Protein chains: 2
Amino acid sequence: MEMKSAVTALGALAQETRLSIFRLLVEAGPEGLCAGDIGARLGVPAATLSFHLAQLASAGLVQARQQSRFIFYSADFEAMNGIVGFLTENCCGGRPCPPARARRKKTTAS
Amino acid sequence: MEMKSAVTALGALAQETRLSIFRLLVEAGPEGLCAGDIGARLGVPAATLSFHLAQLASAGLVQARQQSRFIFYSADFEAMNGIVGFLTENCCGGRPCPPARARRKKTTAS
DNA sequence: TCCATATTTCTATTATCATCGAAATGACAG
DNA sequence: CTGTCATTTCGATGATAATAGAAATATGGA
């Protein structure tokens, strides 16, 4: 992941509604949720939701797939891991350090 | 880390200059770098740099400390790990899943 | 085909952000 | 103190983003 796509992805997440959507989809797992369900759960009007889903999709953070009458959105976990890696890349010049150890502890769950 | 501070932090990183600054500081480790050095390395005018450093600081992503005539900025690794945790929290409903395994592999380095 | 409903596009309004020169402030050395 | 140099504040300008109602566009069941 290079700078530009990282900025785009972070910008997509830097908004309360979108961050809520994304976290909901991360929790939902690979199956995802359909647009209507997302809107209902978060209390977001359809037009607003569509706008934000488009932003997340164009940032590469979520994927859409049609399933019967519904469009299911799911988190792109590879992209998410890419951002995490980009932020923590070469931490402390690559030397062993407490920050990496703490991070390892957290992200090892599940 | 709750929603609001996460949005603020992500917003602080969702900008090319600031993301570059932050990554530079992550690489620099706990010592950090003084403002002038950051500006010189990234080719950012002093006024612009100061603006962005203030944003990063108020988002809790960097810390400043005076050292002789210079002000040293360093990444707040705890905040960084907090964001990572917030994004990946409860991934796939907490069930074991490939995304978490892939992430573990990446963040285990150093 | 035709309708019900899921989702998107259009549009306008309002608000926030990035940039950087110039001037002001702050801190230290001598 | 005083001059020097590091950093911040001010201010003006241009650009991008969030919101949601109304209308348009799919999609698939009957």
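Computed over heavy atoms, backbone and side chain alike; hydrogens, waters and symmetry mates excluded. Computed from a predicted structure; not experimentally measured. Quick note on labels: first sequence line is chain A, next is B, and so on, each numbered from 1.
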Between the side-chain atoms of Arg69(A) and the base atoms of dT7(C), is any donor-acceptor pair under 3.5 Å? no
Counting only side-chain nitrogens and oxygens, does Thr48(A) get under 4.0 Å of the OP1 or OP2 atom of dA20(D)? yes
Side-chain atoms of Ile71(A) come closest, of dA18(C), dT19(C), dT8(C), to dT8(C)
Return the value, rounded to whole Å, for the distance between atom CD of Gln55(B) and atom P of dA18(C). 5 Å
Heavy atoms only: give me the nearest Ile38(B)-Tyr73(B) pair and the separation to one decimal. CD1-CB, 4.2 Å
Just how far, in rounded Å, is C1' of dT8(D) from CG of Leu56(B)? 15 Å
Candidates dT7(C), dA18(D), dT9(D) - which lies nearest the side chain of Arg18(A): dA18(D)
Measure the distance from CD on Gln15(B) to P on dC20(C) and round it to the nearest whole Å. 10 Å
Of Phe70(A) and His52(A), the one whose closest DNA chain D nucleotide lies more 5': His52(A)
Length of the line joining Leu53(B):CG and dT9(D):C1', which is rounded to integer Å: 14 Å
Polar side chain donor-acceptor pair, Gln63(B) to Arg65(B), under 3.5 angstrom: no
If you only use heavy atoms from C-beta on, which nucleotide in dA27(C), dT8(C), dG28(D) is closest to the side chain of Gln66(B)? dA27(C)
Leu49(A) CG to dG21(D) P, in whole Å, measures 14 Å
For residues Cys34(B) and Phe70(B), report the shortest heavy-atom separation together with the two atoms involved. CB-CB, 3.8 Å
Do the side chains of Leu24(B) and Leu87(A) join up, straight or via other hydrophobic residues, at under 4.5 Å, putting them in one cluster? yes
Identify whether any heavy atom of Ala35(B) sits under 4.0 Å from a base atom; if not, whether one sits that close to sugar-phosphate; answer base, sugar-phosphate or nothing. sugar-phosphate
Have a look at Ser68(A) and say if it touches a base, only the backbone sugar-phosphate, or nothing, with a 4.0 Å heavy-atom cut-off. sugar-phosphate
Whole angstroms only, please: what is the CD-P distance between Glu16(A) and dT16(C)? 14 Å
If I take atom CG in residue Asp37(A) and atom P in nucleotide dT7(C), what distance separates them, rounded to the nearest angstrom? 8 Å
Length of the CD-C1' vector between Gln67(A) and dG28(D), whole Å: 13 Å
Treating Ile, Leu, Val, Met, Phe, Trp and Tyr as nodes and any side-chain heavy-atom pair under 4.5 angstrom as an edge, say whether Leu49(A) and Phe72(A) lie in one connected cluster. no
Name the nucleic acid region contacted by Tyr73(B), choosing base, sugar-phosphate or nothing; use a 4.0 angstrom heavy-atom cut-off, strictly under. sugar-phosphate
